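The structure appears right after this line, and notes come after that.
Since the model is a prediction, treat every value here as computed from it, not as a measurement. Note that these values count all heavy atoms, side chains included, but never hydrogens, waters or copies made by symmetry.
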Amino acid sequence: MKNLYIAEKPSVAREFAKALKINGGSRDGYIESEDSIVTWCVGHLVTMSYPEVYDPALKKWSLDTLPFMPETYKYEVINGVSKQFNIVKRLLNREDVGCIYVCTDSGREGEYIYRLVDQMAEVPDTKDKRRVWIDSQTEEEILRGIKEAKNLHEYDNLCSSAYLRAKEDYLMGINFSRLLTLKYSYTVKNYLGKDKCVISVGRVMTCVLGMIVKREREIRQFVKSSFYRVIADMELSDGTFEAEWKAVEGSKYYNSPLLYKENGFNKEEDAGALIEYVADGKPVFIETVDKDNSDNKKAYSNVSNDSGDAGDGSKINMLIEKVEKKKENKNAPLLYNLAELQNDCSRLFKISPDQTLQIVQELYEKKMVTYPRTDARVLSTAVSKEIYKNISGLKNVGAMKDFAEHILSSGSYKNIAKTRYVNDKQITDHYAIIPTGQGLNAYAGLSDTAKKVYEIIVRRFLSIFYPPAVYNKLALTLDCKGEKFFANFKVLVDPGYLPVTVYSFGKQKDDEDKEKYSKEMVEAAMNLKKGMNLTVDKFEIKEGETSPPKRYSSGTLILAMENAGQLIEDEELRAQIKGSGIGTSATRAEIIKKLVENKYLALNKKTQIITPTQMGEMIHDVVASSISSLLNPELTASWEKGLSYVAEGSITEDEYMEKLEDYIQKRTDAVKGLNNQNQLRGYFDYVARFYKKSKGMKVQKK
């Protein structure tokens with residue numbers, strides 16, 4: 001009897017054949033030797049059937065036939081790949097095939113791809129079917145996956161969640177797209193002067209559109225206002241340092257309506273009045289700096305320009321009330337998952353999440369990195385025990401050679417399992433994206449961008465084996481007539497991992513750690529003691545301006561999707577809050593791409609900033625006026641969480657479907673009873689004001 005190995009793609013199948021040393025003849029759609037056969041899908045071979053396959057009458061869209069929720073779902077072979085399907089079907093059912101090794105991608109989608117083929121090919125359950133689950137395509141990992149392959153039925157819960165995800169997207173897409181198109185497309189197309197308009201709705205897609213439109217409208221409604229901070233330039237032996245006033249408890253301005261926030265005033269004259277108060281009649285020089293950080297005017301209080309030179313008695317002193325010194329350790333960031341990598345690539349290289357996924361998938365298929373579609377940012381205990389193999393291979397990567405050799409010679413990798421970078425509880429399907437240390441013969445053939453993506457993965461990986469960066473921090477609290485001024489110093493004592501993560505391209509997050517004051521200044525400040533008096537050189541009134549929310553970039557949108565609509569940019573906090581999010585690591589890039597292709601969103605390729613289009617805002621308003629819950633990130637994330645529960649076995653497939661069908665039925669019935677088209681035209685008029693007339697678009701006016 002022969003073993004049959006079925007992969008998701010031809011390229012992956014060839015890697016399995018190579019690892020297994022199957023040197024048999026290459027046939028049409030498979031490779032066969034005396035004891036083994038390797039074949040492949042070409043992505044999806046089977047798909048769900050459209051409603052008209054159930055009943056030809058359903059080809060015509062009608063409110064009377066909605067909602068469409070079949071009792072038994074139909075599937076069909078995709079026309080363009082029917083030849084390969086028939087080859088795979090014949091091989092799966094061959095009498096001389098004893099064991100089938102399922103080698104599709106190790107995730108929910110890979111599971112779904114094979115199970116549909118198995119279903120359509122009617123492969124009997126009497127066949128021995130085993131699931132190969134691997135984290136990279138290196139020979140060792142492939143052989144390990146085959147050796148440890150489990151019975152396919154152990155993945156039945158994952159299979160159920162895969163089928164449910166497809167049914168959910170199908171039911172929401174089919175029913176709500178038809179429903180809203182039938183109800184509102186006439187209104188939309190007439191307003192835009194189009195011949196036709198299909199309102200495309202999706203479980204995740206519509207929610208993401210809502211996030212973008214909401215942010216754009218927050219920006220439009222934002223009203224700028226100025227505020228004024230008071231800064232005291234304090235004299236020290238090696239120059240001056242800044243101390244900022246704050247209206248803390250005990251201040252005469254505590255909770256005052258004159259404040260913008262605790263460290264600023266709404267009006268410049270109130271900031272000046274504070275300085276007059278702490279000066280207590282002594283000569284003071286006030287310099288006002290506008291919001292563009294330029295000295296636009298100078299004002300003098302009580303004295304002329306040479307104030308401060310009238311002797312010690314005329315100078316303003318502040319008492320050092322509190323001195324806090326501490327050492328701060330900053331650890332290397334957690335490893336990359338796909339969302340984190342997509343965000344950094346958007347920020348550093350200005351490439352879209354879809355492009356990042358394509359590149360890292362290429363690196364995976366060239367054996368250079370581990371499985372890309374992962375949510376985890378840590379390693380497993382098992383892989384940590386053999387991590388030296390990954391590091392050893394990186395001695396052949398030019399800029400990384402010295403770092404890798406240092407890690408190996410110091411033995412710092414030996415204790416990695418005891419750190420925060422290894423945690424089995426934070427891993428579901430796969431651990432973080434890391435370099436394998438293999439496949440480096442393919443490096444020269446990579447595009448420049450792919451080389452950069454590979455380099456940041458390598459640098460992030462190697463940095464976890466280095467000690468933390470160490471800073472000395474000093475916080476001063478100064479008192480003047482009961483008003484408190486605060487100053488902070490931070491100096492890098494030991495760079496630790498930082499040299500590993502300083503890339504040769506793009507602005508780095510570590511730029512924020514650049515020292516504000518000279519080494520001599522910091523050393524002098526470190527010697528300050530409680531009870532000392534310091535002299536004010538001058539006061540500054542710094543004008544600031546409130547800022548509107550930032551637009552999403554393609555990368556920050558991915559992070560917001562990962563965190564159920566919250567843009568959490570602090571990576572430590574993200575690690576703590578990790579949840580199911582909106583969509584999955586495997587689908588988020590495709591969702592954004594589809595919204596851009598539908599012309600609901602616009603993506604600036606140079607900046608990667610995402611904005612809604614006029615059409616996108618109109619579709620948003622249609623949904624908001626009919627099925628507003630589709631725009632709710634928390635609800636969308638809860639559906640995804642439900643799929644996770646099915647995969648874990650916490651709830652049944654039937655329980656999930658019952659809730660899903662009830663949701664679709666109630667929303668469909670509610671929309672059928674609406675008569676709000678005229679109200680929508682008012683919303684469209686409001687939106688139209690923010691867009692120029694485009695060619696072919698006739699925007700109505702009141």
Side-chain angles (χ1 to χ4, degrees), residues 67 161 164-165 167-180 183-184 199-221 339 549 551-552 556-568 574 577-585 587-588 590-592 594-595 598 600-601 610-612 616-646 651 655-674 676 679-680 683 687:
S161 73
L164 281 173
R165 194 275 309 159
K167 289 175 183 176
E168 181 176 52
D169 287 347
Y170 178 87
L171 290 177
M172 287 196 184
I174 292 288
N175 285 294
F176 292 156
S177 293
R178 290 189 176 200
L179 177 68
L180 299 189
K183 193 81 178 180
Y184 300 107
I199 297 174
S200 184
V201 179
R203 173 179 62 100
V204 179
M205 182 176 75
T206 302
C207 177
V208 174
L209 173 64
M211 290 166 59
I212 299 294
V213 172
K214 180 184 177 185
R215 177 59 56 88
E216 192 67 22
R217 292 181 177 181
E218 286 172 348
I219 293 169
R220 283 182 196 147
Q221 292 164 9
R551 290 187 172 92
Y552 288 107
T556 57
L557 181 57
I558 288 282
L559 290 185
M561 292 170 72
E562 186 185 45
N563 293 288
Q566 303 175 70
L567 178 52
I568 303 171
R574 283 203 308 277
I577 297 178
K578 185 178 181 296
S580 291
I582 301 167
T584 67
S585 56
T587 61
R588 290 175 189 133
E590 188 62 32
I591 292 295
I592 296 173
K594 187 173 181 180
L595 282 163
N598 284 352
Y600 292 177
L601 297 180
I610 295 178
T611 51
E617 289 208 49
M618 291 170 69
I619 299 303
H620 169 276
D621 287 340
V622 166
V623 176
S625 302
S626 54
I627 318 174
S628 61
S629 57
L630 283 175
L631 299 168
N632 186 337
E634 288 78 13
L635 179 67
T636 304
S638 74
W639 287 112
E640 197 66 55
K641 193 69 176 176
L643 293 174
S644 299
Y645 288 148
V646 173
I651 63 173
E655 287 174 319
Y656 191 93
M657 280 302 294
E658 184 179 346
K659 290 182 179 180
L660 175 62
E661 290 179 347
D662 181 64
Y663 176 82
I664 291 171
Q665 182 72 59
K666 287 179 177 177
R667 270 60 186 181
T668 302
D669 291 344
V671 172
K672 285 181 179 180
L674 291 174
N676 56 350
Q679 181 185 10
L680 273 173
Y683 296 152
V687 167

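For residues 618-631, the set of pairs meeting the salt bridge (charged side-chain N to carboxylate O under 4.0 Å, His left out) definition, not counting sequence neighbours, comprises Arg217-Asp621.
Side chains of Phe176 and Leu171 form no contact here, defined as non-hydrogen atoms less than 4.5 Å apart. Looking at Met172 and Val201, their side chains never come closer than 4.5 Å, going by heavy atoms from C-beta outward. The shortest side-chain heavy-atom distance between Tyr663 and Leu635 falls under the 4.5 Å cut-off. Between Leu643 and Tyr656 the shortest side-chain heavy-atom distance falls below 4.5 Å. Side chains of Leu179 and Ile627 form a contact here, defined as non-hydrogen atoms less than 4.5 Å apart. Considering only heavy atoms from C-beta on, Leu557 comes within 4.5 Å of Met561 through its side chain.
Here Lys666 pairs with Asp662 under the salt bridge (charged side-chain N to carboxylate O under 4.0 Å, His left out) rule; sequence neighbours left out. Contacts of Arg667 classified as salt bridge (charged side-chain N to carboxylate O under 4.0 Å, His left out), with partners at least two apart in sequence or in another chain: none. Partners of Gln665 under the side-chain hydrogen bond (donor to acceptor under 3.5 Å, both in side chains) rule, at least two apart in sequence or in another chain, are Asp669. Residues satisfying the salt bridge (charged side-chain N to carboxylate O under 4.0 Å, His left out) test with Asp169, not counting sequence neighbours, are Arg165, Arg203.
Each of Ile199, Asn175, Ile619, Leu630 was scored for a side chain to side chain contact (heavy atoms under 4.5 Å, CB included) with Leu180, with one residue passing: Ile199.
The minimum heavy-atom distance between Ile664 and Pro67, with the atom names listed, is CG2-CB, 3.9 Å. Closest approach of Leu660 to Trp639, counting heavy atoms only: CA-CH2, 3.8 Å. For the residue pair Tyr600 and Ser200, the shortest heavy atom distance occurs at OH-N, 3.0 Å.
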Would you mind writing out the side-chain donor-acceptor pairs for residues 205-214 within the sub-3.5 Å range, not counting sequence neighbours?
unit_1	atom_1	unit_2	atom_2	d
Thr206	OG1	Gly202	N	3.0
Thr206	OG1	Gly202	O	3.1

Where do Glu640 and Arg588 land on the salt bridge (charged side-chain N to carboxylate O under 4.0 Å, His left out) test, with the steps shown first? CA-CA 13 Å; Glu640 197 66 55; Arg588 290 175 189 133; over 6 Å; no
